[in-house]
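The structure appears right after this line, and notes come after that.
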Amino acid sequence: MRRSGLLVHEILTKMAQLAVEGITTFELELVAEKMMRDAGAKPAFKGYFSPAAGNRYPYVLCTSVNEEIVHGMPSPKRELKKGDIVSIDTGVQLDGYFGDSAVTVAIGEITPVLSKLMEVTKQSLELAIDKVRPGNRLFDICETVQKYVESNGFTIVREFVGHGIGTQLHEEPQIPNYVDRRGENPRLKEGMVLAIEPMVNVGKPASRVLADKWTAVTVDGSASAHFEHCVAVTADGPWVLTRP
Ligand code: MF3
Ligand code: CO
């Protein structure tokens, strides 16, 4: 999992460098797919079957621009513009083990609100990572993200969540970015790996899925940011597998 995590990190670092005004999200897709193949890895998303969508996801990246929350599809028609923010999310499988991570990148100069949205979302993930310790519980993670995001005036998407990860892309438990008392609250144990991925909106929390069956957008059209890391529970504390 460390090897797949580092490959995902390498790909996202390249994506963040390439994501400038004028590039299309499909150009990013092509570079990412080549990097995976060259490393002998399989894309985790391309071919992934979603019962909700009723079909297989066709790309190695999710590229979600502005009011798109997650699962935006790369397109040769989607040129990134100054002032956009784009979440780039990718996953790989190497020797049977998965890695999954996402970053949100600014294209040129962005408004102060968007810049705060990105900062708060990223920081909510960092604070949650610090809770990934044996003996803590899942809700410690959920509560940390929720409190930080809401106290900064932003809202949390409910319909999409983080997840356990290992020999499958999505394993138990589901990891909401808010405390959902209907859900399980397992104690964290050494050896578990959690993909934590806050999705945060400027406006209302409600989301809907476009006619393409994948792209999730905010109902009110406000911008959304997304960051994700895979974090292992170790006796020494959190080990972020998707960065050096
Ligand atoms: N990071 C997202 C997730 O873990 C992206 C999945 S896209 C999919 O759910 F195509 F694989 F579904
Ligand atoms: Co994920």
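No experiment lies behind these values; they were computed from the predicted model shown. Note that ligands are numbered from 1 as they come in the structure, with each ligand's atoms numbered from 1 the same way.
What you find for S101 and E228 is that their closest heavy atoms are OG-O, 2.7 Å.
Counting only heavy atoms from C-beta outward, the side chains of I107 and V20 never approach each other to under 4.5 Å. I69 has its side chain out of reach of V217: every pair of non-hydrogen atoms, C-beta onward, lies at least 4.5 Å apart. Within the 4.5 Å cutoff, the side chain of H229 has heavy atoms near those of the L125 side chain. The shortest distance between side-chain heavy atoms of S4 and F98 does not fall below 4.5 Å. Side-chain contact between D130 and E126 is absent, with no heavy-atom pair separated by less than 4.5 Å. The closest side-chain heavy-atom distance from Y57 to W214 is below 4.5 Å.
Distance check: S151 OG to Q146 CD gives 10.5 Å after rounding to the nearest 0.5 Å.
Contacts with ligand 1 closer than 4.0 Å are made by no heavy atom of V70, backbone or side chain. When non-hydrogen atoms are compared, ligand 1 lies under 4.0 Å from neither the backbone nor the side chain of A195. Residue contacts with ligand 1 for F45 involve both N, CA, C or O and side-chain atoms from C-beta outward (heavy atoms, distance under 4.0 Å).
Annotation: angle subtended at the Co ion (ligand 2) by E228 OE2 and E197 OE2 is 90°, to 10°. Angle OD2 (D100) to the Co ion (ligand 2) to NE2 (H163): 90°, rounded to 10°.
The shortest separation from a heavy atom of A102 to ligand 1 is not under 4.0 Å, leaving the residue out of contact. Look at H170 and you'll find a heavy atom under 4.0 Å from some atom of ligand 1. Between T90 and ligand 1 there is no heavy-atom distance shorter than 4.0 Å.
By heavy-atom distance, the residue among D89, L169, V60, L61 lying nearest atom 2 (C) of ligand 1 is D89.
Distances between N or O atoms of H163 and those of ligand 1 include at least one value under 3.5 Å. Considering backbone and side-chain atoms alike, E197 places an N or O below 3.5 Å from some N or O of ligand 1. Not a single N or O atom of H226, backbone or side chain, sits closer than 3.5 Å to an N or O atom of ligand 1. By the 3.5 Å distance cut-off applied to N or O atoms, W214 is not counted among the residues near ligand 1.
Of all protein heavy atoms, the one closest to atom 12 (F) of ligand 1 is Y48 CD2, 3.3 Å.
Geometric assessment of K131 against the ring of F139 yields a negative cation-pi assignment under the 6.0 Å and 45° thresholds.
A donor-acceptor contact closer than 3.5 angstrom is absent between the side chains of S87 and D89.
Counting backbone and side-chain atoms alike, D89 contributes no N/O/S atom closer than 2.8 Å to the Co ion (ligand 2). Counting backbone and side-chain atoms alike, H170 contributes no N/O/S atom closer than 2.8 Å to the Co ion (ligand 2).
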Margin query: Between K46 and E33, does the salt bridge (Lys or Arg N to Asp or Glu O under 4.0 Å) criterion hold? Intermediate values first, please.
Written below: CA-CA 10 Å; K46 192 170 177 168; E33 180 157 24; 3.1 Å; yes
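Atoms of ligand 1 lying under 4.0 Å from at least one heavy atom of D100, given by number and element, are 1 (N), 3 (C), 4 (O). Shown in contact with Y57 at under 4.0 Å from a heavy atom are these atoms of ligand 1, numbered in order with element: 10 (F). Which parts of ligand 1 touch C62 is read off a 4.0 Å heavy-atom cut-off, strictly below it: atoms 7 (S).
A salt bridge is absent between E10 and K14; no separation between the charged side-chain nitrogens and carboxylate oxygens falls under 4.0 Å.
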